[in-house]
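Quick notes on the structure that follows.
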Amino acid sequence: MTTSGTTSSETGGTTRTRRGVGILGTGVIFRAYARGLSTQPHLPVLRVADLDEDRARAAAAEWDIPRIGTAEDLLADPEIEIVVNITPPGAHAALTDAALRAGKHVYVEKPLAATVADAERNVATARETGRLLGGAPDTFLGTAGQTARTAVDSGLIGRPFAATSFVRSSRAETWHPEPSFLFRAGGGPVLDMGPYHVAALVNLLGPVERVVSASSRPEQQLLVTAADKRIDRVDVEIDTHSTAILQFASGALATTMYSFDVWDTELPHIEVYGTEGTLAVPDPNYFDEPVRIRRRGEREWRELPAAIARTTPEPPHPFRGLGVADLAAALDGEPHRTSAEFALHVLHVLAAVQEGSLDDGVVAIPSRPRRPAAVAPQA
Ligand SMILES: NC(=O)c1ccc[n+]([C@@H]2O[C@H](COP(=O)([O-])OP(=O)(O)OC[C@H]3O[C@@H](n4cnc5c(N)ncnc54)[C@H](O)[C@@H]3O)[C@@H](O)[C@H]2O)c1
């Protein structure tokens, strides 16, 4: 079997072209990609690169990845067709641009880039080079996201007119060894966790037209207490508590609160309110949790049957890579659901939430992508 582009393998009854993958960044989320991609035999990881060579070497040894080296080595490797960019947000744009210009297709972790201007430049480079660019999150492609999507599309809650979406604190300073990127431009609850929420909402309700928001910064510095910490304190360089109203092109209104500062809350993750019922959507950071519904006239909440097969293997563990498989499938002619246009729209909305203020008022969102195609149940 060759390593790139010329042979095919069977995945879930579908023929997939084999394409070599290279991963930039072997930090905290790397393992989730290594695990997820190990379930996609047509997408072998052939090389990893990290500024910290020891980290790259350890990752390669653990996951039986044949080659390590610099980012430049990875981009020059002719057997790599797809580059997975899972470096911190501030490094995304330059590496994505270099990878596209090296002739690679690229899948980037969220946010697409740390700033809208950088992300727009990346999308332009993808067009210019004729390479495919895709971006996280991919969780809306999972069982919960697609079960909610089927419920909305089949009219189970009538016409959706509103939603709520709440990011509770992730307290990254307690578990991430180097959480600085989460507390500077490109991070924060809005750009770090907000992508899961806004992608889930756009998947269900379509694109966002206008945003009004306000943000604050309750803490200036935090103590890092992660067991494997590489720094002692982290300066909070951006607002970490934001609240917003999103108006969708459909007319639906979402109320959001994205916070790193709320210690605990009993607020739901996402709820969608329709003229005939309410949908309770589980944490959009995950794939397989149950979706619940309570329709007009029903006395209790009930769990909806899953619309597609379970996404992640048992037992549950951090899992990523569906978006890389989505990009590869798009290269084989299928719809590109985690497209750069979709990820850019999500970033446009999140930037408006992060940067908006009550003084500035309403921000018009400049992009209007279609909703990603729904995922069909496996035959
Ligand atoms: N940590 C999580 O739970 C999580 C979950 C989902 C998504 N993400 C996203 O994944 C990305 C990475 O997050 P992380 O937590 O793994 O970060 P991390 O800091 O743990 O790891 C990033 C790695 O990238 C390397 N790196 C930085 N610049 C580089 C460059 N120019 N070339 C090669 N390597 C470089 C760093 O040395 C580091 O090892 C971010 O975009 C984040 O939003 C993280």
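Ligands are counted one by one from 1 in listed order, and the atoms in each one are counted from 1 as well. The shown structure was predicted, so the numbers you read here are calculated from the model rather than taken from an experiment.
Ion pairing between R171 and E173 holds under the 4.0 Å rule for side-chain N and carboxylate O. Electrostatic pairing of R16 and E334 counts as a salt bridge here, judged by a charged N lying under 4.0 Å from a carboxylate O.
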May I have a table of the N/O to N/O pairs between ligand 1 and the protein that fall below 3.5 Å, each row giving the two atom names and the distance to 0.1 Å?
from: ligand 1; atom 1: 15 (O); to: H176; atom 2: NE2; distance (Å): 2.8
from: ligand 1; atom 1: 16 (O); to: V28; atom 2: N; distance (Å): 3.1
from: ligand 1; atom 1: 16 (O); to: I29; atom 2: N; distance (Å): 2.9
from: ligand 1; atom 1: 20 (O); to: V28; atom 2: N; distance (Å): 2.9
from: ligand 1; atom 1: 34 (N); to: L51; atom 2: N; distance (Å): 3.3
from: ligand 1; atom 1: 37 (O); to: D50; atom 2: OD1; distance (Å): 2.5
from: ligand 1; atom 1: 37 (O); to: R55; atom 2: NH1; distance (Å): 3.4
from: ligand 1; atom 1: 39 (O); to: D50; atom 2: OD1; distance (Å): 3.2
from: ligand 1; atom 1: 39 (O); to: D50; atom 2: OD2; distance (Å): 2.5
from: ligand 1; atom 1: 39 (O); to: R55; atom 2: NH1; distance (Å): 2.5
from: ligand 1; atom 1: 41 (O); to: T87; atom 2: O; distance (Å): 3.4
from: ligand 1; atom 1: 41 (O); to: H92; atom 2: NE2; distance (Å): 3.0
from: ligand 1; atom 1: 41 (O); to: K110; atom 2: O; distance (Å): 3.0
from: ligand 1; atom 1: 43 (O); to: K110; atom 2: O; distance (Å): 3.0
from: ligand 1; atom 1: 43 (O); to: K110; atom 2: NZ; distance (Å): 3.1

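A salt bridge (charged side-chain N to carboxylate O under 4.0 Å, His left out) with E79 is found for exactly one of R67, K104, R47, namely R67. With R55 as reference, T26 is the one residue of T26, I68, V48 to meet the side-chain contact (heavy atoms from CB on, under 4.5 Å) rule.
Aromatic rings of F287 and F140 (six-membered ring for Trp) have centroids beyond the 6.0 Å cut-off, not under it.
A side-chain donor from one of D332 and T17 sits under 3.5 Å from a side-chain acceptor of the other.
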